[in-house]
Amino acid sequence: MPAPTAAPRTIRRLDTLGKPGDRPKPKPKAKPQKAACCDTPDIQDDDGMKVCVNCGTQISESNIVSDVTFQEDSRGAATVQGGFIGENARHARTLGTGAYRKVGGGERNSMQEIENNGRRALSRLCPRLNIPDAVSLQAQNLFSIAAGNNFNAGRRTEEVVAACLYAACRRQKQNTIMLMDIAEIMKVNVFRLGEVYKAMKENLHYHDQTVGVQHLTDVEPLIEKYCRKLEFGDKTRNVAEDAVKIIKRMKRDWMVTGRHPAGLCGACIILAARMNNFRRSVREVVYVAKVSDATIAKRVEEFRQTKASTLTVEQFREYGSRLKYSHDPPIMQQKALEKEKFEAKKRKRQEYNEQRDTVDPERETIEISDDEDDASSRAPSATPGASAAEEAGEEERQRKRQRANAPQATPAVTQGPRIDADGFAIPALPVVGPAPVEQSEETQVAKKKRGRRRKGDKPEPVQITEADLTVERELEDEIDEALNDQELQDSHNEIERAKAEERIKLLADQQRQSSAEKIKERREAEGVTWWADKEPNTGDGTEDMDLEAEFADDPEVLNCMLSDVEARIKEQIWIAHNEDWLRSQHEKALIKQIAEAAGADKEKSKRGAKGKKKRGRIGDGTVLTEAETPIETPADANAAMLKKRAAPNFSKFVDYERLAAVYGDRATPDTSASQSRAGSEAASQAPSRVASEAPSAHAGAERSSATPAPQERTVAFSLPSPQATQQAAVAPGTPSRVDAAEPQAPASPPPTQAQAQATEGAEDEDADMVDDEEGDYRSPTPSVVGGWDDAGSDREDIGEDDNGDYGRAIGHASFGTFGGEDDEYV
Amino acid sequence: MVKTRRASGQIRYEVTVPTSNDLTFTGTGPTVSNVVAGMHLNCHFQLAHIAKQARNAVYRPKRFPACILRLRDPKATALVFEGGRVQVLGTKSIADARLAGRKFGRMLQKMGYQPHMTDFAVQNMVANADTKMLIRLEGLQARCWHFTRWDPEIFPGLIFYLMKPKMTMLIFARGKMVFLGARSREEIDEALRLVWPLLLEFKRE
């Protein structure tokens, strides 16, 4: 059958290819393969291979077999041949579990490793929560799915595992594991866990039931669990039953929906425990239910507001949960209560205001100066409709007023037992004679300060004492001074000017607007109305003129700009607040500029043509330098190490000068340290000539070759290198100051005779520390100078005979052998 | 809840809502409480300069890379970004958001920029409604579990995800609702129209 159809098809295909203009038809997918062997392919299956019977070509071969084969090893043990490819694995694990351990520190198959981690975390978690194996297995599978969905990426394994476990628990109908329980064991925030759980449900297509149906946490099993924990003995069952009855009642009273189950359970258990003559404190329940005591107290209080709470224990047990009546949710009751309170307050205020308004005109006409009479005149005018409480309040007020005026009040007023604000009796006030005038005045003043002055009160005659006058005079002087102060005047003037300008601008704007309107009217009268077609400022494409016109009279827009003075003040504040940010910003810009400049240089030298950055690695010594580029040679590494680590503790076993000679002075640990040390040593050990010359020689030598190194190595910073500045700070006044001014090329200029001598002198001083074999240093041969030159110009030389030089430089006996080997310095 | 599998393998969930004679919304609202709108003013701003000059401007570059401007009428807040992007927040209607955007534009114009508003788009609208009835969230959750999420352990409200229009609602047992993620007033009304029969189904008898 296939033979006749296949043959013409191949020809036709060639035809279409041959036509130049024709679009080639899409190839049938399997056909070309079929036609590969011969004109009439007849492919048949032969023991896993596909072979064309006509031409004998083997089309394909299947190496995957379904039967398991075994192999015998040398000891005769049989092992399965081949490897196992896990569900999510990419490779077979042919080499066993331990094979990759040593190479990369972990398994090659990362998915497997992740799952193992999850399993481990789960096995730590489950026993502590008494979770049955079936559930933990579900959790494990969920974790595998989550890991397969890449859900664990960017989250902690523990969190994901916890979410999986919770989801698995929620699949059970009688779940008693709360998110809080898991969070407590793991010591993480519940809400963080909740977040992860929610995200996981979304990620794993919760609704297609990968996670499974998440049952709502029922309260009843939860109550049972908590009751068991609270140790009610053989009454546990009774308490739990009562608690369940209470929760049923609560459900009917709309206290449960949307509430956290643990809080409700806590409240129910406390009540049920009391019903059964147990005394469980809120604190105990809090420890078990893991909600705050305030929550439990609130739930209990809410329950107290319901009708069911008025029943006796027996009544409640009998028909408490079957009462037909049901309350509104507590929040609604609360709101209603609040509203009522607010209304009452409002009414009270209104009444009080009315009273005052009715009284006020009387008071103005009667003009009674005494407060006491005032109050008494007011009392009968209280509205007759006021409630008893209102009257009581009025009396209270009256009493208070009397107390405030006590010094002036006659004993007749304070007759009867006095009562304070809380309703407690307090002893009567002692009756005193008329107080001195001054004092009463003071009390009056004190009284005045509190509250508003009433309309009818007459102002007291003002008495000015001498002290007041002097104070006033001083103040006046100060004010005068300030007014005469030029600076203040200037700023004041400026503000005035700014204000005036603004005013002028405003006026001008208004005028312009009015004139524009006039012109518009005139044009309209003439019959020109092209602007009517234009949409008045609602489109997106806002033009300047549109905006200007639209908000011409908007006060906010008019005043949106600060005046010059204000702006300056705000700027100052802003800069003060953001100083560090500005600095860092500036620094960034500078560094960028420098980097750009350096990048241009690099391109010239064709080193980092594409700006490729050499990455640092562990152990490359990058930590020793501030720069990010790794250190290239051992010599540089040594130098950096000495500079960073050995600098503060100067070693007396190291001949730094020699070291400097070897490493072209990149090795000098800390110029200031060595210098000062050398100087001080010289001063203490050798007198006169050497003392004066040794430090200068050091300084000169170091400076000649120390500075080029940082210039060469750290390109990124234009700041003066700390070494150079230190030298400048330390070395002033030394005779070799002239040297410092010389151009500091890597190849240092040959030292002068004096310098060479100085070096020699310094070495003389250190001779007692130098080994015998290094005596050859003492001769002022040019080889020393040559060494300097070498060090400066060619670093690779140093790298080669690194050891020998190091041995020389460190004048310790143990290094002597290295020094003996090379003769080139002799 | 009806689950159907399409030819493409896509699974479609549907909730059939009973149709009765009276399905008019009897609660209050929905009232829009916040509109977030974005726009582009097509000019580069120097935020530090704006912060120094404008009266109600705050710019804390360490915290957030935008200058915050505030308006009283209409009450609005704008985040002005350096590249010219402006977000207007806190307005009560789309018209207000647009007006506020224009006003901010005018203010920036006074500071010497040449703003030109384009790409005005509402990004989020938040609205509140009160159904004035108690709702049994358990029932609602069981009825349309595909569209809802309710974990009293985590949040007391039921979260209702609508597919079309794509937005979210929070429904509380007490009967209050919050609409989130709408792009227009019509979407909010549509969402309420869709959900209202379901709520009636699960209200307290």
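Chain A is the first sequence line, chain B the second, and so forth, proteins listed ahead of strands; every chain is numbered from 1.
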>> Counting heavy-atom pairs closer than 4.5 Å to chain B, which one of A:Gln585, A:Arg170, A:Glu571, A:Arg259 comes out on top?
In response: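 Heavy-atom pair counts peak at A:Glu571.
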
As an exercise, state the distance from [atom1] of [X] to [atom2] of [Y], rounded to the nearest 0.5 Å.
X: A:Leu193; Y: B:Ile154; atom1: CG; atom2: CD1; answer: 9.0 Å
X: B:Lys103; Y: A:Cys560; atom1: NZ; atom2: SG; answer: 10.0 Å
X: A:Lys198; Y: B:Arg149; atom1: NZ; atom2: CZ; answer: 8.0 Å
X: A:His260; Y: B:Phe155; atom1: NE2; atom2: CZ; answer: 13.5 Å

>> Test: salt bridge (Lys or Arg N to Asp or Glu O under 4.0 Å). Region: residues 180-198 of chain B. Which pairs qualify, not counting sequence neighbours?
In response: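 For residues 180-198 of chain B: B:Arg185-B:Asp189, B:Glu190-B:Arg193.
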
Residue part contacting chain B, namely of [X], when any heavy atom lies under 4.5 Å:
X: A:Leu179; answer: both
X: A:Lys251; answer: neither
X: A:Thr217; answer: side chain
X: A:Arg568; answer: neither
X: A:Glu195; answer: neither

> Is it true that the side chains of A:Tyr166 and B:Glu153 contain a donor and an acceptor less than 3.5 Å apart?
Replying inline: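 The answer is yes; a qualifying pair exists.
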
> Is any side-chain heavy atom of A:Thr257 closer than 4.5 Å to a side-chain heavy atom of B:Arg136?
Replying inline: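 Side chain of A:Thr257 against side chain of B:Arg136, heavy atoms only: no contact under 4.5 Å found.
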
> Would you say the side chain of A:Leu216 lies within less than 4.5 Å of the side chain of B:Pro152, judging by non-hydrogen atoms?
Replying inline: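 Yes, close enough: below the 4.5 Å cut-off.
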
> Taking it one step at a time, do B:Lys110 and A:Val557 satisfy side chain to side chain contact (heavy atoms under 4.5 Å, CB included)?
Replying inline: CA-CA 8 Å; B:Lys110 276 184 88 176; A:Val557 169; 3.9 Å; yes

>> Show the nearest heavy-atom pair for residues B:Pro156 and A:Gly258, with the distance to one decimal.
In response: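 Minimum heavy-atom separation between B:Pro156 and A:Gly258: CB-O, 3.0 Å.
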
> More than 12 foreign heavy atoms under 6.0 Å from NZ of A:Lys248: is that the case here?
Replying inline: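 Open: at most 12 neighbouring heavy atoms sit under 6.0 Å from NZ of A:Lys248.
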
Taking distance alone, no hydrogens or angles, what donor-acceptor pairs closer than 3.5 Å link side-chain atoms of residues 32-58 of chain B to residues at least two apart or in another chain?
unit_1: B:Ser33; atom_1: OG; unit_2: B:Val126; atom_2: O; d: 3.3
unit_1: B:Asn34; atom_1: OD1; unit_2: B:Gly90; atom_2: N; d: 3.0
unit_1: B:His40; atom_1: ND1; unit_2: B:Asn42; atom_2: N; d: 3.1
unit_1: B:His40; atom_1: ND1; unit_2: B:Asn42; atom_2: OD1; d: 3.4
unit_1: B:Asn42; atom_1: ND2; unit_2: B:His116; atom_2: O; d: 2.9
unit_1: B:Asn42; atom_1: ND2; unit_2: B:Thr118; atom_2: OG1; d: 2.8
unit_1: B:His49; atom_1: ND1; unit_2: B:Tyr113; atom_2: OH; d: 2.8
unit_1: B:His49; atom_1: NE2; unit_2: B:Gln53; atom_2: OE1; d: 3.3
unit_1: B:Arg55; atom_1: NE; unit_2: A:Asn559; atom_2: O; d: 2.7
unit_1: B:Arg55; atom_1: NH2; unit_2: A:Met561; atom_2: O; d: 3.3

>> Using only non-hydrogen atoms and a strict under-4.5 angstrom cutoff, which residues of residues 167-180 of chain B touch chain A?
In response: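 Counting heavy atoms that sit under 4.5 Å from chain A, the residues of residues 167-180 of chain B involved are B:Ala173, B:Arg174.
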
>> Under a 4.5 Å cutoff for heavy-atom pairs, which residue among B:Leu158, B:Leu137, B:Asp151 has the most contacts with chain A?
In response: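 Winner by heavy-atom pair count: B:Asp151.
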
Could you pull out every donor-acceptor pair under 3.5 Å between side chains of residues 59-81 of chain B and any protein atom, sequence neighbours left out?
unit_1: B:Lys62; atom_1: NZ; unit_2: A:His577; atom_2: O; d: 3.3
unit_1: B:Lys62; atom_1: NZ; unit_2: A:Asp580; atom_2: OD1; d: 3.4

